[in-house]
Amino acid sequence: MFSLSQRLQDISGFMTTTIFVMAVVISVVSIVQLNLSGYQSLPGDITVNDTHNSIRYSRNYGGKSGHGKENVKLRFDLDADLTPLFNWNTKQVFVYLVGEYDGPEKGDLKQSEEHSKVIFWDHIIPDASHAKLSLRNKKSKYSVYDYYPVLSNRTASVKLEFNVQPWVGPLIWGTLDATDEVRFHDPKSKN
Amino acid sequence: MSNSPMVVVLSGSMEPAFQRGDILFLWNREQYLDVGDIIVYKTTVRDVPIVHRIVREHIVEEKGKKRTTRKTQKLLTKGDNNQGDDLPLYRYGQNYLDREKDILGSVKGYVPKVGYVTILITENQYFKYAIVGLLALSALFNQE
């Protein structure tokens, strides 16, 4: 009844229950707090300044030898204050600039339902003191190519999205209240 | 390869978001995944499932059997802590992950460190022997 293994089992069982209950309480309280801080409607401002399009042939840029793919880069301005995303259960916030666009038009009878979303730039914010973003003419981090070879003359809406990473609990995603539209140029012709 | 709803992080490529030993809760019911989601996928190249973030998604119409088209989602992933995307991790000639074929689930929740026991047991043989030894000892000294 009071053997060593019995005592160990009791202690570890109690610990597991405590940890589990604590984790649930922490995640519920921090979600409520995050909602009260109004994370779904954070103001901000995004402007895409120019885009650059070039045809690349290496596999790392989506191409094959002889079959190039258009790679798009851009420069943008960004203003956002993400401080409300940080509370005592926030480990980090991952922000990323996305472009969303529809697939190529395939004749006028059949409306294409194809859709794409790509990341141009991302950044890890480690704490609240770095949460005020003010970027001027920032270069995109990635050279973006599409599933299909051609990206030029397609219009993308550009937004900033974020992923709040907690110390314990559920991950939360959201979008900044700001958007800009950009039309990709023909290859090699700078804005 | 089990389709368990929980997975233990084994590599540091998503640091500082996830560290080795953290436990992730997965969900795999959505039709399409979203950019920014953190997914667990497997490739034929490596046995261990990989936990990385989606950086591109394309919903495309693929030619299926008998001249039908099939709508599917193609995904490109990257580890937050890695320089480049995951192309080198995919199998030869594969440029994208397929939503239906390759994905084990996307991460919805997170508990730190608790899974480190799994890593100790699988990677440290002395720890394994110690546990087995303890069990044997406690069985010997059991009076019931």
Side-chain angles (χ1 to χ4, degrees), chain A residues 1 3-6 8-9 16 19-20 22-23 26-27 59-64 69 91-96 98-104 106 110 112-120 122-124 126 141-142 144-148 161-163 165-175, chain B residues 14-19 22-25 27 32-38 53-62 69 71-78 80-81 83-85 87-88 90 92-96 106-114 117 134-135 137-144:
Chain A
M1 188 72 181
S3 66
L4 186 63
S5 63
Q6 184 65 46
L8 275 175
Q9 254 179 48
T16 320
I19 290 175
F20 184 73
M22 290 274 286
I26 290 174
S27 37
R59 171 164 151 83
N60 285 334
Y61 294 91
K64 278 185 240 170
K69 263 195 183 181
K91 187 181 190 182
Q92 66 159 44
V93 172
F94 183 81
V95 292
Y96 45 104
V98 295
E100 276 188 89
Y101 54 87
D102 292 328
K106 291 176 171 174
K110 191 165 139 250
S112 168
E113 286 173 50
E114 298 187 323
H115 186 80
S116 291
K117 191 169 170 184
V118 294
I119 294 188
F120 284 101
D122 59 28
H123 180 59
I124 296 170
K141 213 164 142 184
Y142 306 110
V144 172
Y145 54 85
D146 190 32
Y147 186 75
Y148 300 108
E161 302 192 345
F162 52 82
N163 171 214
Q165 171 88 43
W167 287 106
V168 173
L171 279 72
I172 290 164
W173 282 267
T175 313
Chain B
M14 280 296 280
E15 282 192 35
F18 302 138
Q19 270 129 16
D22 296 347
I23 284 188
L24 308 176
F25 294 89
W27 186 251
Y32 295 127
L33 296 165
D34 195 5
V35 161
D37 285 359
I38 301 164
R53 197 184 295 273
I54 300 178
V55 294
R56 272 176 227 173
E57 54 104 348
H58 305 284
I59 295 170
V60 295
E61 279 160 357
E62 231 181 18
T69 53
K71 261 176 82 178
T72 178
Q73 190 182 30
K74 299 292 180 187
L75 305 164
L76 182 72
T77 50
K78 176 182 171 290
D80 287 357
N81 201 24
Q83 277 301 314
D85 56 37
L87 264 184
Y90 301 163
Y92 182 76
Q94 184 187 22
N95 291 322
Y96 292 96
S106 72
V107 179
K108 297 294 174 193
Y110 165 86
V111 178
K113 297 291 163 217
V114 187
V117 189
L134 270 177
L135 282 175
L137 272 178
S138 78
L140 277 179
F141 288 104
N142 212 333
Q143 289 183 344
E144 277 133 313

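Labels below follow one simple rule: chain letters A, B, ... track the order of the sequence lines, proteins then strands, and each chain is numbered from 1. It should be emphasised that the depicted structure is a prediction, and the values quoted were computed from it without experimental measurement.
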*Taking atom CD of A:E100 and atom CD of B:E57, what is their separation to the nearest 0.5 Å?*
7.5 Å
*Heavy atoms only, distances under 4.5 angstrom: which of A:Y145, A:F162, A:W167, A:Y142 has the most pairs with chain B? Name it, please.*
A:Y145
*Between CD1 of A:I119 and CG of B:L76, what distance do you get to the nearest 0.5 Å?*
9.5 Å
*Can you tell me if A:E114 uses its side chain to pair, donor with acceptor, with the backbone of B:H58 under 3.5 Å?*
no
*Of the listed residues (A:I172, A:D146, A:V98, A:D122), which shares the most heavy-atom pairs with chain B below a 4.5 Å separation?*
A:D146
_Counting heavy-atom pairs closer than 4.5 Å to chain A, which one of B:P88, B:P112, B:S138 comes out on top?_
B:P112
*Side chain to side chain, A:R59 and B:N95, heavy atoms closer than 4.5 Å*: yes
_Region of B:D34 that comes under 4.5 Å of a non-hydrogen atom in chain A_ = side chain
*Check whether B:Y96 gets within reach of chain A through its side chain, its backbone, both or neither, counting any heavy atom under 4.5 Å.*
side chain
*Residues in ring pair (Phe, Tyr, Trp, His ring centres under 6.0 Å) with A:F94, at least two apart?*
A:Y96
_A:W173 CH2: over 12 foreign heavy atoms closer than 6.0 Å_ = yes
*Over all heavy atoms of both residues, which pair between A:E161 and B:V35 is shortest? Give the atoms and the distance, please.*
OE1-O, 4.1 Å
*Please report the closest heavy-atom contact between A:I124 and B:P16, naming both atoms and the distance.*
CD1-CD, 3.9 Å
*Inspect the surroundings of NZ in A:K64 and state if more than 12 heavy atoms from other residues, nucleotides or ligands are less than 6.0 Å away.*
no
_Part of B:I54 within contact of chain A (heavy atom distance under 4.5 Å)_ = backbone
*Could you tell me which portion of A:V168 (side chain, backbone, both or neither) has an atom closer than 4.5 angstrom to a non-hydrogen atom of chain B?*
both
*Which answer fits A:K91, side chain, backbone, both or neither, if we ask what part of it has an atom under 4.5 Å from a heavy atom of chain B?*
side chain
*Neighbour count >12 (heavy atoms, 6.0 Å) for atom CZ, A:F20*: no
*For A:N60 and B:L87, which heavy atoms make the closest approach, and how far apart are they?*
CA-CD1, 4.1 Å
*Using a cut-off of under 4.5 Å for heavy-atom pairs, which of B:D22, B:V60, B:V111 has the most such pairs with chain A?*
B:V60
*By ring pair (Phe, Tyr, Trp, His ring centres under 6.0 Å) - contacts of A:Y101 (at least two apart)*: none
